[in-house]
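Below is one structure, written out as structure tokens; comments come after it.
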Amino acid sequence: MHTEGSDELRVEGIEKIKAVRIEKLEGLRSAGINPYPYRFEVSHKIDELITTEAALTEAKTMLSIAGRIMALRGHGATTFGHLEDRTGRLQFYVRRDAVGDAAYRHFKLIEVGDIIGIRGTLFRTKTNELTLRVDDYSVLTKALRPLPEKWHGLQDKELRYRQRYVDLIVNPSARDVFYTRFRLMDLMRQFLLDRGYLEVETPILQPIYGGASARPFVTHHNALDIDLYLRIADELYLKRLLVGGLEKVFEFCKDFRNEGIDRAHNPEFTMMECYSAYEDYTDYMDMVEEMLRTIAGELTENGKVTFRGDEIDFNTPWTRIRFFDALEQVIGLDFRQMGMEEMLDVASRYQIDLDKITSPAKGLDLIFSEAVEPTLVQPTFVYDYPKALSPLAKDHRSEPGLVERFEPFIGGFEVGNAFSELNDPQEQRARFEEQAAMRSLGDEEAHMIDEDYLRALEYGMPPSAGLGLGVDRLVMIFTDSNSIRDVLFFPQMRPESR
RNA sequence: GAGUCGCUAGCUCAUCCGGUAGAGCACUUGCCUUUUAAGCAAGGGGUACUGGGUUCGAGUCCCAGGCGACUCACCA
């Protein structure tokens, strides 16, 4: 790319800044220095230097670290700067008489944002800052663009989301969120592996979508000439594996739902779904409680997190309340025997759009979301849901009209969904047919009839508990993030114009 | 989807009632061998999101569009 030439003087703005940096890059090349070499021998990460300083200084150990230059302060024949690697930030000190005239001259072609490796020994400056005295350095990567302002960092949320790589360079708080995210996923994975679960993978491209109520993305396979759906859940595949005898399985499942984007929703998001043969939903309430207590214990000092100003405590046993009891507790009415008219009256008190109440079950669902959910700040299980809302859950063993289902709530957020899994193939077929009827009435989110899944159930699926946890939402709670975009590296955005 | 707010230098932000578009950081140049938010000094850098309109004159007022943020409504 040749942007220079006769009108070089007219190159301004970011192009001018890049041109200057390219000029320095060429300066390095003409001095025989490759600005993009292949490797560098790193002896220590910066946090190791900090923690083992005394021994290293005592032994005058020759050290090497690598990272990005975040600050430079030149003073003629000396230069101070800060180098940052994944573990921390360290001051370095370059002297002309230590590195030599030529190397010092070439060092002037290095600037903030470049990645370098340095070798030297530790000392403390007269202001007592731990510093690496540089004997020798290597340019590792020349950067052509300047970093954002060092004090305020990158503030513009749009830029932070679109150019996450820059956000991660300059905003430590952004890095922290993602370290927490992936540590949480590791802890969840280890918790399940420790209990004999097998981590599996199931299809993302599915000929029939199911396992949740949502509109899917559709794509097309050319060779087979069929439409395929990006999965909205992996539930029905994991339960096929239970039929196959795998007994305990889980998957970190990227799901895709073709719906709106807002603070709590991204078109692709991550669920963790797990299933265990010979257990039921009460076992899984215990497990979820223990899992989150374990995770909170590892991620926090005291098992407590602050989310939107509320302190959430994972140490104490969770509140467990039945769906209708929760409604009664908040609203003061028994919804079990309530007629449609009275329900509509209640719904109108909570500013619910009455047109959305297409069935008694839907009305209960909406009233619950509006009136009860926001009150469930401390970890709470709501259980024993109306059957009509749960086509994949098993009938309640003693209460007709209910299913053995629970949802964990934290910080006013629904963070998951679990049940004793319906494994009666005839009952499942009947439930699918109800869904199909709703579909034909125009409910695009109702389930499709999955004949292969029914065939699998006909071979026999052991009594099982199943659970889906919304990973993104849990990360939001553990990082006190207000938006799902803050816990996804690359949230979905409209394409940049131009 | 609705409402509110925002978009000015690479970044962070000013520009008061419509009157020549400014600062800090970054960058360039000079000086400087323990500095540190930024050593000291000087200098360069602008399609004010886009397109219309009003006006002698628009970053500023009006209209339309683009992108985003926040709040609300719905789905995890």
Side-chain angles (χ1 to χ4, degrees), chain A residues 9-21 23-24 70-82 89 91-99 104 111-113 123-129 131 133 143-163 166-167 170 211-215 232-233 253 255-273 351-353 355-356 362 365-366 369-370 407-408 413-417 444-445 468-474 476 482-485 491 493-498:
Chain A
L9 289 175
R10 285 156 58 185
V11 174
E12 293 300 348
I14 182 63
E15 291 308 319
K16 173 71 172 297
I17 291 170
K18 284 171 67 178
V20 168
R21 297 186 81 115
E23 215 173 286
K24 292 181 176 179
M70 300 306 288
L72 273 181
R73 298 176 291 280
H75 310 279
T78 69
T79 300
F80 283 89
H82 278 95
R89 181 181 279 224
Q91 180 165 262
F92 60 86
Y93 176 49
V94 187
R95 291 173 62 106
R96 181 165 58 204
D97 57 11
V99 299
Y104 196 77
E111 55 211 312
V112 172
F123 76 107
R124 280 191 174 264
T125 62
K126 66 186 182 191
T127 55
N128 203 34
E129 179 162 352
T131 302
R133 190 191 314 272
L144 301 185
R145 288 177 182 268
L147 290 182
E149 214 237 356
K150 63 181 159 237
W151 185 242
H152 299 94
L154 191 65
Q155 296 295 326
D156 186 293
K157 288 203 174 197
E158 181 172 357
L159 289 177
R160 293 183 60 187
Y161 297 146
R162 288 191 192 277
Q163 301 182 37
V166 181
D167 187 33
V170 299
S213 298
R215 294 171 60 189
I232 59 173
C253 182
D255 291 331
F256 306 85
R257 299 188 184 175
N258 205 340
E259 292 164 351
I261 296 178
D262 65 22
R263 196 176 78 243
H265 299 88
N266 193 68
E268 58 180 290
F269 64 102
T270 304
M271 293 266 289
M272 191 289 295
E273 290 203 32
Q351 280 90 47
I352 293 165
D353 182 357
D355 294 342
K356 285 179 192 145
K362 189 76 181 165
D365 192 30
L366 289 170
S369 301
E370 199 61 34
E407 294 195 326
F413 253 147
E414 175 193 337
V415 296
N417 189 16
E444 285 183 81
E445 296 187 350
L469 283 179
V471 171
D472 311 287
R473 289 196 172 172
L474 283 174
M476 286 171 68
N482 189 46
S483 168
I484 193 171
R485 296 183 198 87
M493 304 281 278
R494 280 181 204 278
E496 288 178 79
S497 48
R498 271 175 275 180

Would you say [X] and [Y] make side-chain contact, with heavy atoms under 4.5 Å?
{"X": "R257(A)", "Y": "R215(A)", "answer": "no"}
{"X": "F92(A)", "Y": "L72(A)", "answer": "yes"}
{"X": "I261(A)", "Y": "P267(A)", "answer": "yes"}
{"X": "H75(A)", "Y": "R73(A)", "answer": "yes"}
{"X": "R96(A)", "Y": "T78(A)", "answer": "no"}
{"X": "T131(A)", "Y": "R124(A)", "answer": "no"}
{"X": "P408(A)", "Y": "L469(A)", "answer": "yes"}
{"X": "V94(A)", "Y": "F80(A)", "answer": "no"}

Base [N] paired with [X] side chain (donor-acceptor, <3.5 Å):
{"X": "T78(A)", "N": "U34(B)", "result": "no"}
{"X": "D262(A)", "N": "A73(B)", "result": "yes"}
{"X": "R96(A)", "N": "U33(B)", "result": "no"}
{"X": "E129(A)", "N": "U35(B)", "result": "no"}

Over all strands shown, is [X] touching base, sugar-phosphate only, or nothing at heavy-atom distances under 4.0 angstrom?
{"X": "N266(A)", "value": "base"}
{"X": "E370(A)", "value": "sugar-phosphate"}
{"X": "Y161(A)", "value": "sugar-phosphate"}
{"X": "Y104(A)", "value": "nothing"}
{"X": "M493(A)", "value": "sugar-phosphate"}
{"X": "R485(A)", "value": "sugar-phosphate"}

**Heavy-atom protein contacts under 4.0 Å, nucleotides 39-45 of chain B, coded B base, S sugar-phosphate only, - none** = B-----S
Counting heavy atoms from C-beta on, name the nucleotide in [options] closest to the side chain of [X].
{"X": "R133(A)", "options": "C13(B), U34(B), A73(B)", "answer": "U34(B)"}
{"X": "H152(A)", "options": "C70(B), U28(B), U12(B)", "answer": "U12(B)"}
{"X": "E149(A)", "options": "G24(B), A37(B), A76(B)", "answer": "G24(B)"}
{"X": "E259(A)", "options": "A76(B), A26(B), A73(B)", "answer": "A76(B)"}
{"X": "E158(A)", "options": "C74(B), G68(B), A76(B)", "answer": "G68(B)"}
{"X": "Q91(A)", "options": "A73(B), U35(B), A26(B)", "answer": "U35(B)"}
{"X": "L366(A)", "options": "A69(B), C74(B), C11(B)", "answer": "C74(B)"}

Could you measure between the two [atom1] atoms, the one in [N] and the one in [M], and give it in whole Å?
{"N": "G66(B)", "M": "G57(B)", "atom1": "P", "answer": "29 Å"}
{"N": "C11(B)", "M": "U47(B)", "atom1": "P", "answer": "13 Å"}
{"N": "A69(B)", "M": "C63(B)", "atom1": "P", "answer": "24 Å"}
{"N": "C5(B)", "M": "C49(B)", "atom1": "C1'", "answer": "16 Å"}
{"N": "U15(B)", "M": "A21(B)", "atom1": "C1'", "answer": "7 Å"}
{"N": "A42(B)", "M": "C7(B)", "atom1": "C1'", "answer": "33 Å"}
{"N": "G51(B)", "M": "A58(B)", "atom1": "C1'", "answer": "15 Å"}
{"N": "C61(B)", "M": "U4(B)", "atom1": "P", "answer": "16 Å"}

Rounded to the Å, how far apart are [X] [atom1] and [N] [atom2]?
{"X": "E23(A)", "N": "U29(B)", "atom1": "CD", "atom2": "C1'", "value": "13 Å"}
{"X": "K150(A)", "N": "U35(B)", "atom1": "NZ", "atom2": "C1'", "value": "12 Å"}
{"X": "E111(A)", "N": "G10(B)", "atom1": "CD", "atom2": "P", "value": "16 Å"}
{"X": "R95(A)", "N": "C32(B)", "atom1": "CZ", "atom2": "P", "value": "15 Å"}
{"X": "N258(A)", "N": "C74(B)", "atom1": "CG", "atom2": "C1'", "value": "14 Å"}
{"X": "L159(A)", "N": "G6(B)", "atom1": "CG", "atom2": "C1'", "value": "13 Å"}
{"X": "M70(A)", "N": "U35(B)", "atom1": "CE", "atom2": "C1'", "value": "18 Å"}
{"X": "R160(A)", "N": "U12(B)", "atom1": "CZ", "atom2": "C1'", "value": "14 Å"}

**Fill in**
By nearest-heavy-atom nucleotide on RNA chain B, the more 5' of S483(A) and Q155(A) is Q155(A)
**Prompt:** Does K157(A) or W151(A) map to a spot on RNA chain B nearer the 5' end, using the closest nucleotide for each?
**Reply:** W151(A)
**Asked** Excluding sequence neighbours, so at least two apart, what forms ring pair (Phe, Tyr, Trp, His ring centres under 6.0 Å) with F256(A)?
**Response** none
Give a yes/no answer on whether the side chain of [X] brings an N or O atom under 4.0 Å of OP1 or OP2 in [N].
{"X": "N482(A)", "N": "U71(B)", "result": "yes"}
{"X": "R263(A)", "N": "U71(B)", "result": "yes"}
{"X": "K24(A)", "N": "U28(B)", "result": "yes"}
{"X": "R162(A)", "N": "G68(B)", "result": "yes"}
{"X": "R145(A)", "N": "C11(B)", "result": "no"}

**Request:** Please report the closest heavy-atom contact between M271(A) and G468(A), naming both atoms and the distance.
**Result:** CE-CA, 4.0 Å
**Complete:** Across all chains, not counting sequence neighbours, the side chain to side chain donor-acceptor pair (under 3.5 Å) partners of R485(A) are S483(A)
**Request:** Kindly write out the residues that satisfy side chain to side chain donor-acceptor pair (under 3.5 Å) with R95(A), not counting sequence neighbours, or none if the list is empty.
**Result:** Y93(A), D97(A)
**Item:** Stem segments of RNA chain B by first residue number [Watson-Crick or G-U, under 3.5 Å, at least 3]
**Value:** B:1-7 with B:66-72, B:10-13 with B:22-25, B:27-31 with B:39-43, B:49-53 with B:61-65
**Asked** Can you check side chain to side chain contact (heavy atoms under 4.5 Å, CB included) on E268(A) and D255(A), steps first, answer last?
**Response** CA-CA 6 Å; E268(A) 58 180 290; D255(A) 291 331; over 6 Å; no
**Message:** Tell me if C40(B) is syn or anti. Syn = glycosidic torsion within 90° of 0, anti otherwise.
**Reply:** anti
Under 3.5 Å, which donor-acceptor pairs link side chains of residues 143-150 of chain A to any protein atom two or more places apart or in another chain?
residue	atom	partner	partner atom	Å
E149(A)	OE1	H152(A)	N	2.9
E149(A)	OE1	H152(A)	ND1	2.5

